[in-house]
Amino acid sequence: MTEYPKNTNDTKARFQEIKETTDADIRPDDDAPSSLIRRDILKAGSAAALAAGFVAATRDAQAQALYTPDPPAETPDWYATPSEQLAPPEERTSDYYVPEFTAGKDANIDWWFGRNVGGVTIGLIQARAYLPMAPGNMGNATTFDFPMLYREAVPPNVFDILAPEPTESFTSEMVKAAKWLELQGVRAIMANCGFYGTYQQAIAEQIDTPLFSSSLLQLPAMIASLPARSKVGIVTANGEALAASPAIENCGVTPQQKAERLVIQGLENGPEMQNVLQLTGSYNMLALENEIVEGAKTLVANNPEVKCILLECTELPPAAYKVQDAVRMPVWDYTTLTKWVYEGTLRKPFLGII
């Protein structure tokens, strides 16, 4: 058993002796104050300094006694187990779903192994990309006024996101990231590219937390909100790729609706969007914004039956305000979906008067 330094009677006596030291024992410099009050301050300071030194020495001795550079003989299972092998409990007993806790009543706050953060309801799978992320981008933490928990995913081939059907290697990496976010207690999971819609069902089937992988998930509601004679316009980073992709159908749009109710406007021919698509690591924000706005204006001019717009790519929301100002109609994107999801994960009481 480790023995720690103790505050003995001898030590107490020494402190008392310091306090009772006479003025003659204080040897200030020649220009030091001579008043009794100032000398008393000096005495008190000397005693405090000695006491602080003793406390520090005691603390250091305790730390030295506790610390060893050698790892413990037995490491707890929860500490040594890789996070991908851990999982949250089926029933969570200490979050905002417990009335006793939210009402401020007595309740235990329970945790689970592998969880290292609290208070974050929205998680984001962030695929590795050599790409600036401006405010408005899903990967920029200042985009939202609530906390987001990010988890990087590194699939063997990031361009599998454009695959005609989900690939096993890409899906596996996304599921791994999603499960880590689940372990941290998030209540919904987002991603950062509209083309993740191709993987919506493949990932959702392997996790237990609601997944909103793509901005395209808003399309069924947008279509349903309009009369049959009206259409939804989609401004996308790559129109040709989106038209050929199963992402739209995997987000709940029927093939007939895709053919009859949607109009796709691609931005892939713009110089700045090419910088984005080719992952050059740089683009001009103003020039990219102009490409996005001009694409939306062209879409509406060529298709007057379009009554609302969805911005598919995570690089497009920074220009959403300018797009709406130019086309004068509702504009939705991945940030609007994320805010809607957040509101559902953390409901708050209504306050007012009757």
Side-chain angles (χ1 to χ4, degrees), residues 124 126 129-146 148 190-197 212 214-219 221-223 225-226 230-243 247-248 261-343:
L124 175 72
Q126 178 71 46
Y130 185 49
L131 190 66
M133 299 177 188
N137 188 301
M138 290 293 291
N140 188 303
T142 64
T143 296
F144 303 101
D145 57 3
F146 48 84
M148 297 272 286
M190 321 297 293
N192 69 338
C193 177
F195 283 84
Y196 271 113
F212 299 86
S214 172
S215 56
L216 303 175
L217 286 165
Q218 297 167 102
L219 286 174
M222 294 171 69
I223 293 171
S225 74
L226 299 175
S230 299
K231 295 184 179 182
V232 174
I234 303 175
V235 178
T236 175
N238 192 321
E240 184 178 352
L242 183 62
I248 291 177
R261 303 296 305 280
L262 301 179
V263 180
I264 298 175
Q265 178 70 40
L267 304 175
E268 61 268 27
N269 294 325
E272 296 308 317
M273 183 53 70
Q274 274 298 308
N275 284 331
V276 172
L277 295 175
Q278 294 178 17
L279 304 179
T280 63
S282 177
Y283 60 79
N284 183 288
M285 288 184 61
L286 181 58
L288 179 61
E289 179 182 273
N290 290 336
E291 291 179 9
I292 298 168
V293 172
E294 288 304 313
K297 290 169 64 177
T298 299
L299 170 66
V300 173
N302 293 338
N303 302 276
E305 67 274 22
V306 168
K307 301 302 178 183
C308 60
I309 288 178
L310 176 69
L311 304 179
E312 168 271 325
C313 176
T314 189
E315 304 301 326
L316 307 189
Y321 172 81
K322 290 295 185 68
V323 168
Q324 187 169 66
D325 187 57
V327 301
R328 300 293 180 174
M329 63 179 61
V331 177
W332 285 280
D333 56 40
Y334 213 153
T335 68
T336 60
L337 174 63
T338 305
K339 292 174 183 178
W340 175 78
V341 172
Y342 171 75
E343 289 296 326

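All values below were derived from every heavy atom in this structure, side-chain atoms included, with hydrogens, water molecules and symmetry-related copies excluded. Note that the structure is a prediction, hence the values are computed from the model and not measured.
Between L316 and L267, some side-chain heavy-atom pair lies under the 4.5 Å cut-off. A 4.5 Å side-chain heavy-atom check between T143 and T338 finds every atom pair outside the cut-off. Looking at heavy atoms from C-beta onward, M273 lies in side-chain contact with V276 at the 4.5 angstrom threshold. Counting heavy atoms from C-beta outward, Q278 and Y130 have side chains that stay 4.5 Å or more apart. Residues M329 and V306 form a side-chain contact, since some pair of their non-hydrogen atoms from C-beta on lies under 4.5 Å apart.
Here the closest heavy-atom approach between residue G197 and residue S214 is recorded as N-CB, 3.4 Å. Minimum interatomic distance between I292 and E315 (heavy atoms only, all atoms of both residues): CD1-O, 4.0 Å. What you find for L226 and K231 is that their closest heavy atoms are CD1-O, 3.5 Å. Smallest separation of non-hydrogen atoms from G136 and P317: O-CB, 3.3 Å. Minimum heavy-atom separation, E289 to A319: CG-CB, 3.8 Å.
Residues satisfying the ring-ring contact (aromatic ring centres under 6.0 Å, His included) test with Y283, not counting sequence neighbours, are none. Partners of Y321 by ring-ring contact (aromatic ring centres under 6.0 Å, His included), not counting sequence neighbours: none found. Shown here are the salt bridge (charged side-chain N to carboxylate O under 4.0 Å, His left out) partners of K307, two or more places apart in sequence or in another chain: there are none.
Distance check: E291 CD to L286 CG gives 10.5 Å after rounding to the nearest 0.5 Å. The distance from atom SG of C308 to atom CD of Q324, rounded to the nearest 0.5 Å, is 11.0 Å. In this structure, CD1 on I248 lies 4.0 Å from CD1 on I234, to the nearest 0.5 angstrom. Note that the CD atom of Q274 and the CD atom of E272 stand 10.5 Å from one another [nearest 0.5 Å]. Atoms CG and CD, from L219 and E312 in turn, are 10.0 Å apart once rounded to the nearest 0.5 Å. Atom-to-atom distance recorded for M190:CE and S215:OG is 9.5 Å, nearest 0.5 angstrom.
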Exercise for review: Kindly indicate, with the supporting measurements, whether the criterion side chain to side chain contact (heavy atoms under 4.5 Å, CB included) is fulfilled by V331 and T336.
Suggested key: CA-CA 9 Å; V331 177; T336 60; over 6 Å; no

Point to revise | Candidate pair M148 and Y342, rule side chain to side chain contact (heavy atoms under 4.5 Å, CB included), full reasoning | key: CA-CA 10 Å; M148 297 272 286; Y342 171 75; over 6 Å; no

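With respect to Q265, the side chain to side chain contact (heavy atoms under 4.5 Å, CB included) criterion is satisfied by exactly one of N303, I309, L299, T236: L299. Checked against T314 for a side-chain hydrogen bond (donor to acceptor under 3.5 Å, both in side chains), the options N140, N192, T335, N137 give a single hit: N137.
Counting non-hydrogen atoms of other residues, nucleotides and ligands closer than 6.0 Å to CD of E305 gives a total above 12.
Remark: the backbone N or O of A191 is paired with a side-chain donor or acceptor of Y334 at under 3.5 angstrom.
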